[in-house]
Q: 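So that we are looking at the same thing, I have put the structure below in structure tokens.
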Amino acid sequence: MNVLVVGCNGLLGQNLLRSQPAAGWTVRGIGIEAAPALPDLLTAYKSVDISKRTDLESAIAEWAPDWIFNSAAITDVDLCERDPALAALINRDTVGWMAAAGKPMVHISTDYVFDGESGPYAEDDGVNPLSVYGTTKLESEELVLSASPKSLIARTMTLWGRGKGAKTSFVDFVRDSLKAGKTVKIVTDQYGNPTLAEDLALGIWKLVGNSRHGIYHVVGSEWNSRFEWAQGIADHYGLDKGLIQSCLTADLKQAARRPLKSGLRIDKLVRDTGFRPRDVAGQILRVDSAA
Ligand SMILES: NC(=O)c1ccc[n+]([C@@H]2O[C@H](COP(=O)([O-])OP(=O)(O)OC[C@H]3O[C@@H](n4cnc5c(N)ncnc54)[C@H](OP(=O)(O)O)[C@@H]3O)[C@@H](O)[C@H]2O)c1
């Protein structure tokens, strides 16, 4: 089977390449960068700005993939709020163009499709996005599922991990700040599931390998507040928890509203694949052992 990974240089994109099955798949990639982050893990690479529809469509036509995995997105939710046209273009319209190729897709969505009144959420709970990011992602889900019944939507949240050129992760930020004796202010009112990008990638390959389609939640197995996550990181590294100060989301005056009591249930993923993503301690152990 041939798969085209769109956004192959991003955090999830790199993890999809690293966790690709040993046999049976040919993996090609598209990224906006001139050169791929992980050339050895790709059969071919093209630099494509996916907002240029004809460039995207000709890459898909040339390679004729059996599957399109889309991990490209604008993930800065405050940027999406300030620039809704950009959010709509990248997070919705480009997804519609990919779906129109008529191939089954794996597309990544988010807990931001929910309003955070009553998480953690199951796949069939009612959606009600609070932000431009959440709205465009929900619209992209609908485009993908209406184009091909074989497509898979993997909803995830608070991704972290290592990747070439990746942003500093929350875990690294908290650990490095506390190690340097600096205080950090962390919100106590945002709840969810910290998720290792590698586990999301493994979950996706397992779902595809098991011919699953529709919506699946793929997140870490621990549900906590951001503040509790930071405390867990301090505990793990034996650092001073007294340096972690609490604050509320409203104090941050961010452009995009966040779903507060969020989080995603993974019962369906575990039932259908037998795969249970790691908890926070397991994630840190995994990342540190691979470093
Ligand atoms: N990160 C999270 O916490 C989180 C939470 C929930 C859902 N998700 C979803 O998970 C998926 C993967 O996220 P991620 O964390 O891996 O994001 P990421 O590291 O930011 O990767 C996204 C990739 O998309 C690329 N991209 C953006 N605009 C492009 C364009 N016009 N043409 C070609 N490529 C373009 C980016 O390139 P540049 O970096 O060079 O711009 C980047 O490589 C996304 O669908 C995201 O919405 C993420």
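First listed ligand is number 1; within each ligand, the first listed atom is number 1. Residue numbers start at 1 and run along the sequence shown.
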Q: For Asp49, take its heavy atoms, then give the atoms of ligand 1 lying under 4.0 Å from any of them.
A: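 Per the distance check, 30 (C), 31 (N), 32 (N).
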Q: Give the residue and atom name of whichever protein heavy atom lies nearest to atom 48 (C) of ligand 1, and the separation in Å to one decimal.
A: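 Going by distance alone, atom 48 (C) of ligand 1 is nearest to Leu159 CD1, 3.9 Å.
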Q: Would you mind checking which non-hydrogen protein atom is closest to atom 16 (O) of ligand 1, with the distance to 0.1 Å?
A: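 The closest heavy atom on the protein side is Leu12 N, 2.8 Å.
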Q: Answer yes or no for Arg155: is there a heavy-atom contact with ligand 1 below 4.0 Å?
A: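 No, that is not the case, since the closest heavy atom of the residue is not under 4.0 Å from the ligand.
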Q: Check for me whether Lys268 meets the cation-pi criterion with Tyr216, that is, NZ or CZ under 6.0 Å from the six-membered ring centre and within 45 degrees of the ring axis.
A: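 Checked: cation-pi criterion met.
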Q: Return the residue, atom name and 0.1 Å-rounded distance of the protein heavy atom closest to atom 32 (N) of ligand 1.
A: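 Protein heavy atom with the smallest distance to atom 32 (N) of ligand 1: Ile50 N, 3.0 Å.
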Q: If I apply the N/O under 3.5 Å rule, does Gly13 come out as touching ligand 1?
A: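 No; the residue has no nitrogen or oxygen that sits under 3.5 Å from a nitrogen or oxygen of the ligand.
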Q: Indicate whether the side chain of Asp49 and that of Ser51 have a donor and an acceptor atom separated by less than 3.5 Å.
A: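 Yes, because at least one side-chain N or O of Asp49 sits under 3.5 Å from a partner of the opposite role on Ser51.
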Q: So, regarding Gly7 and ligand 1 (criterion: nitrogen or oxygen to nitrogen or oxygen, under 3.5 Å), is there a contact or not?
A: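 It does not: no N or O of Gly7 is found under 3.5 Å from an N or O of ligand 1.
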Q: Considering residues at least two apart in sequence or located in another chain, which fulfil the side chain to side chain donor-acceptor pair (under 3.5 Å) criterion with Ser262?
A: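 Side chain to side chain donor-acceptor pair (under 3.5 Å) check on Ser262 returns Asp111.
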Q: Is the closest heavy-atom distance from Ser109 to ligand 1 below 4.0 Å?
A: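 Flag set, Ser109 near ligand 1.
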Q: Report the member of Ala72, Ser47, Gly165, Ala201 with the shortest heavy-atom distance to atom 24 (O) of ligand 1.
A: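 Among Ala72, Ser47, Gly165, Ala201, the closest heavy atom to atom 24 (O) of ligand 1 comes from Ala72.
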Q: Under a 4.0 Å heavy-atom limit, does Thr75 contact ligand 1 with its side chain, its backbone, both, or neither?
A: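 Just the side chain.
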Q: Closer than 4.0 angstrom: is that true for some heavy atom of Ile30 and an atom of ligand 1?
A: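 No, Ile30 has no heavy atoms under 4.0 Å from ligand 1.
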Q: Among all protein heavy atoms in this structure, tell me which lies nearest to atom 19 (O) of ligand 1, with the distance rounded to 0.1 Å.
A: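 Among all protein heavy atoms, the one nearest atom 19 (O) of ligand 1 is Leu11 N, 2.9 Å.
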Q: Using every non-hydrogen atom in the two residues, find where Ser71 and Leu12 come nearest and quote the distance to one decimal.
A: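 Closest approach of Ser71 to Leu12: CB-CD2, 3.8 Å.
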Q: For atom 44 (C) of ligand 1, what is the nearest protein heavy atom, given as residue, atom name and distance?
A: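 Result: Ala73 CB, 3.5 Å.
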Q: Give me the nearest non-hydrogen protein atom to atom 38 (P) of ligand 1 as residue plus atom name, then the distance to 0.1 Å.
A: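 That would be Glu33 OE2, 3.5 Å.
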Q: Among all residues two or more places apart in sequence or in another chain, which pass the ring pair (Phe, Tyr, Trp, His ring centres under 6.0 Å) test with Tyr45?
A: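 Per chain and number, Tyr45 pairs via ring pair (Phe, Tyr, Trp, His ring centres under 6.0 Å) with no residue.
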Q: Closest approach of Ile244 and Ile186, non-hydrogen atoms and distance?
A: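 So the two residues come closest at CG2-CG1, 3.9 Å.
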Q: If I compare all heavy atoms of Trp205 with all of Leu16, which pair ends up nearest, and what's the gap?
A: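 Shortest heavy-atom separation between Trp205 and Leu16 comes out as NE1-O, 3.0 Å.
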Q: Taking only heavy atoms of Thr158 into account, list the atoms of ligand 1 that are under 4.0 Å away from them.
A: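 Taking each heavy atom of Thr158 in turn, ligand 1 has 3 (O), 5 (C) under 4.0 Å.
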Q: Counting both backbone and side chain atoms, is some N or O of Asp111 under 3.5 Å from an N or O of ligand 1?
A: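 Between Asp111 and ligand 1 (N or O atoms, distance only) the closest approach is not under 3.5 Å.
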Q: Short check: is a protein heavy atom less than 4.0 Å from atom 36 (C) of ligand 1?
A: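 Looking at atom 36 (C) of ligand 1, one finds that no protein heavy atom lies closer than 4.0 Å.
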Q: May I ask you to decide if the ring planes of Phe69 and Trp25 are parallel, tilted or perpendicular, using 30° and 60° as cut-offs?
A: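 Tilted: the ring planes of Phe69 and Trp25 meet at 30° to 60°.
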Q: Please confirm whether Ile74 comes within less than 3.5 Å of ligand 1 when only nitrogen or oxygen atoms on both sides are compared.
A: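 It does not: no N or O of Ile74 is found under 3.5 Å from an N or O of ligand 1.
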Q: Do you know the tightest heavy-atom contact between Asn210 and Asp272?
A: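 Of all heavy-atom pairs spanning Asn210 and Asp272, the closest is ND2-O, 3.5 Å.
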Q: Using a 4.0 Å cutoff against the non-hydrogen atoms of Val48, which atoms of ligand 1 qualify?
A: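 Close to Val48: 32 (N), 33 (C).
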Q: Mind checking whether Trp229 and Phe170 have parallel, tilted or perpendicular rings, split at 30° and 60°?
A: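 Judged by the thresholds at 30° and 60°, the geometry between Trp229 and Phe170 is tilted.
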Q: Within 45° of the ring axis of Trp63 and under 6.0 Å from its six-membered ring centre, is that where the NZ or CZ of Lys46 lies?
A: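 Relative to the ring axis of Trp63, which defines the angle, Lys46 lies inside both limits.
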Q: Output yes when the distance from some N or O of ligand 1 to some N or O of Gly31 is under 3.5 Å, and no in every other case.
A: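 For ligand 1, there is no N or O atom that lies under 3.5 Å from one belonging to Gly31.
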Q: At a non-hydrogen distance cut-off of under 4.0 Å, which region of Lys137 contacts ligand 1 (side chain, backbone, both, or neither)?
A: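 Lys137 to ligand 1: side-chain contact only, backbone stays beyond 4.0 Å.
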Q: Please state which protein non-hydrogen atom is closest to atom 28 (N) of ligand 1 and give its distance, to 0.1 Å?
A: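 Its nearest protein heavy-atom neighbour is Ile90 CG2, 4.1 Å.
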Q: Quick one: nearest non-hydrogen protein atom to atom 9 (C) of ligand 1, plus distance?
A: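 Going atom by atom, the protein heavy atom closest to atom 9 (C) of ligand 1 ends up being Ile108 CG2, 3.7 Å.
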Q: For Ser109, which of Lys137, Glu141, Arg155 qualifies under side-chain hydrogen bond (donor to acceptor under 3.5 Å, both in side chains)?
A: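 For Ser109, the side-chain hydrogen bond (donor to acceptor under 3.5 Å, both in side chains) check succeeds only for Glu141.
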Q: Are the charged groups of Arg162 and Asp172 less than 4.0 angstrom apart, N to O?
A: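 Result for this pair is yes, salt bridge flagged.
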Q: Would you say Ser140 and His107 are linked by a side-chain donor-acceptor pair, where the criterion is simply a distance under 3.5 Å?
A: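 Yes, a side-chain donor-acceptor pair sits under 3.5 Å.
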Q: Is ligand 1 less than 4.0 angstrom away from at least one heavy atom of Tyr133?
A: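 True for this residue.
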